[in-house]
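Notes follow once the structure below has been shown.
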Amino acid sequence: MSDTLLARLTEVVGATHVLTELGGHPDLADYRGVYQGRALAIVHPGSTAEVASVMRLSHAARTPVVVQGGNTGLLGGATPDESGRAVVLKLHRLNRVRAIDPSNDTITVEAGCVLQHVQEQAAAADRLFPLALGAQGSCTIGGNLATNAGGIQVLRYGNMRELTLGLEVVTAQGEVWHGLRGLRKDNTGYDLRDAFIGSEGTLGVITAATLKLFPKPVGCLTALLRVASPEDAVSLLGLLRQRWGGALTAFELFSGSVLGFVRARLPDKPLPVPDLDEASWYALVDYADFSGDPVQQTLFEKPLADALESGLLTDATIAQNEGQRQKWWHLREHGVMEAQATLGRNVKHDISLPISRIPSFLVQSQARLQQRFPALFIIAYGHLGDGNLHYNLVRPESLPLAEFIGWEDEIHELVHDLVHEFGGSISAEHGVGQGKRDALLRYKDPVELALMGRLKQAFDPEGILNPGKVLPASVWPGA
Ligand code: FAD
Ligand code: MLT
Ligand code: ZN
């Protein structure tokens, strides 16, 4: 049976695009090396029509299909299971920009386009595509849609869902839904677009999307701001929202102790934060300048000067040039992750909370963790403007990695229970994948879960799309 399927897949996409010698292939493991799987084949289709044929053949053969974009997901959503039955459908050849309509402020791109390429194409048309995240040089629009990615500009422009107008999707059975509408208003019934966004390859294969574009700022003013506490960081966020309005495009928070950790773990890379105070908290903020008028500098600086005077800010450094700005953003988007990786695997949380409750969450979670796991170090940073924290635990070097990983489930439960008590979510922007699948049973409304199971039944009754991801087995028997 599998030989017949492989022969047919080869007819459809060509022999060079069906890989079957897969020993140690990097696409069978996730980005962090936490999940590892096996596959019947990795298939590289070159068009929507080829994706549809692959789906029809796989559906007829009852063969699971795991869609993969850039494989930068952080919860094992794109990694097949260990059965070796699945076809991995890798979409990097679907990489065309189909259209840009500057008057409608839209761009239509194929799912395998790398995010950074889409940003560049928008910029070439004097527009902004605002999704921005650390993996933008390799993640794809399809993966961004399937995980409803967030990143650093959500507080101004929204997450991937809010940036999307239309989709083209291949169903589990191999039909093509032509939904590439560039409409900002369309109330003609149920919104299927929103069902596919965030579905992590379990409901359909996204092959193209029509996305929103925005006016491109002519410049960006950036500051690194120091505050005494998370409470003050929340007050600062409120102040900048009020005084900068829509010009505030990013508000990222780190604890000073995280920056001290980066400095200690990456000694060859000078930390671009002079006079670091590890007991303080730091905010990295961007102000978008749409006019280039010198008055913008004043509008940017005046609230910071006022906050220094009132004591809300204890220090403020304004980027003097693009190089300094890039160093801070590199620290935020890469340095913090790299420093954690020097200790091997960490225990990650991607949580969201009402912004007002973040300070007390930080106090209570630290108290609970210190009581149960006093040796662990807390790495707290994230997108404060969205109420989204990356709240990770790293081990001391003296603690064996295996022992630390043995605590992982208990650590997750401790943190997620508290998030739940605070009215938050256990996944803000990274999705569910296989890593958080079973935790949904503990935290998600049972009716909501049952409806998700019925949606899966309606879209993919044979359960061939990404089995074992998102839906717990008791909700969807095919899991
Ligand atoms: P993959 O990892 O290949 O796939 C992810 C999921 O989507 C899988 O379930 C897969 O089956 C499904 N999928 C992929 N393509 C399709 C498709 N065409 N149709 C249907 N399903 C599909 N995320 C954030 O939200 N914000 C961040 O700031 C952020 N920063 C990151 C920084 C780094 C350094 C890294 C490594 C990751 C980061 N992420 C962040 C994680 C984020 O999910 C991914 O970067 C990105 O959105 C996934 O895209 P991908 O193409 O790599 O998808
Ligand atoms: C980020 O914000 O940098 C990403 O979501 C990745 C992470 O740190 O977990
Ligand atoms: Zn993030």
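Counting convention: from 1, in listed order, for ligands and their atoms alike. For reference, positions follow the sequence shown, starting with 1.
The residues Asp191 and Arg193 are annotated as salt-bridged, a charged nitrogen and a carboxylate oxygen being separated by less than 4.0 angstrom. With salt bridges taken as basic N to acidic carboxylate O contacts below 4.0 Å, none links Arg437 and Glu200.
Among heteroatoms of the N, O or S kind in Glu429, OE2 lies nearest the Zn ion (ligand 3). The closest approach of His390 to the Zn ion (ligand 3), by N/O/S atoms, is made by NE2.
Compare Thr72, Val66, Val336 by their heavy atoms: the one nearest to atom 52 (O) of ligand 1 is in Thr72. Between atom 31 (C) of ligand 1 and the options Cys113, Ala135, Gly382, the minimum heavy-atom separation is to Ala135. Closest heavy-atom approach to atom 5 (C) of ligand 1 within the set Ile206, Thr147, Val65, Val88: this belongs to Thr147. The heavy atom nearest to atom 20 (C) of ligand 1, considering only Ala209, Gly204, Gly142, Gly433, is found in Gly204. Taking only non-hydrogen atoms, the option from Asn144, Val114, Asn71 nearest to atom 46 (C) of ligand 1 is Asn144. Between atom 2 (O) of ligand 2 and the options Arg332, Glu429, Glu333, the minimum heavy-atom separation is to Arg332.
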* Asked: side-chain hydrogen bond (donor to acceptor under 3.5 Å, both in side chains) between His390 and Glu429: does it pass, once the steps are laid out?
  -> CA-CA 10 Å; His390 297 306; Glu429 59 174 7; 3.0 Å; yes

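Of all the heavy atoms of Leu74, the ones lying under 4.0 Å from any atom of ligand 1 belong exclusively to the side chain. Contacts between His430 and ligand 1 below 4.0 angstrom, taking non-hydrogen atoms only, involve the side chain exclusively. Heavy atoms of Leu91 found under 4.0 angstrom from ligand 1 belong exclusively to the side chain. For Asn466, every heavy-atom contact with ligand 1 shorter than 4.0 Å involves the side chain, none the backbone. Using a 4.0 Å cut-off between heavy atoms, Met337 contacts ligand 1 through its side chain alone, with no backbone atom that close.
Of all protein heavy atoms, the one closest to atom 2 (O) of ligand 1 is Gly73 N, 2.8 Å. Remark: minimum distance from atom 5 (O) of ligand 2 to any protein heavy atom is reached at His430 NE2, 2.7 Å. Taking atom 50 (P) of ligand 1 as the reference point, the nearest protein heavy-atom neighbour is Gly70 N, 3.4 Å. Nearest non-hydrogen protein atom to atom 13 (N) of ligand 1 is Ala146 CB, 3.5 Å. Ala78 CB, 3.7 Å is the protein heavy atom nearest to atom 4 (O) of ligand 1. In terms of protein heavy atoms, atom 3 (O) of ligand 1 is closest to Gly69 N, 2.7 Å. In terms of protein heavy-atom proximity, atom 17 (C) of ligand 1 is closest to Val67 CG1, 3.6 Å.
The ligand atoms of ligand 2 that sit less than 4.0 angstrom from a heavy atom of Met337 are 6 (C), 7 (C). Of all the atoms in ligand 2, the ones that sit under 4.0 Å from a non-hydrogen atom of His383 are 2 (O). Shown in contact with Tyr381 at under 4.0 Å from a heavy atom are these atoms of ligand 2, numbered in order with element: 7 (C), 8 (O), 9 (O). Near Lys348, meaning under 4.0 Å from any of its heavy atoms, are these atoms of ligand 2: 7 (C), 8 (O), 9 (O).
Residue contact annotation: Asp350 places no N/O/S atom under 2.8 Å from the Zn ion (ligand 3). Metal site remark for the Zn ion (ligand 3): His430 contributes no N, O or S atom at a distance under 2.8 Å.
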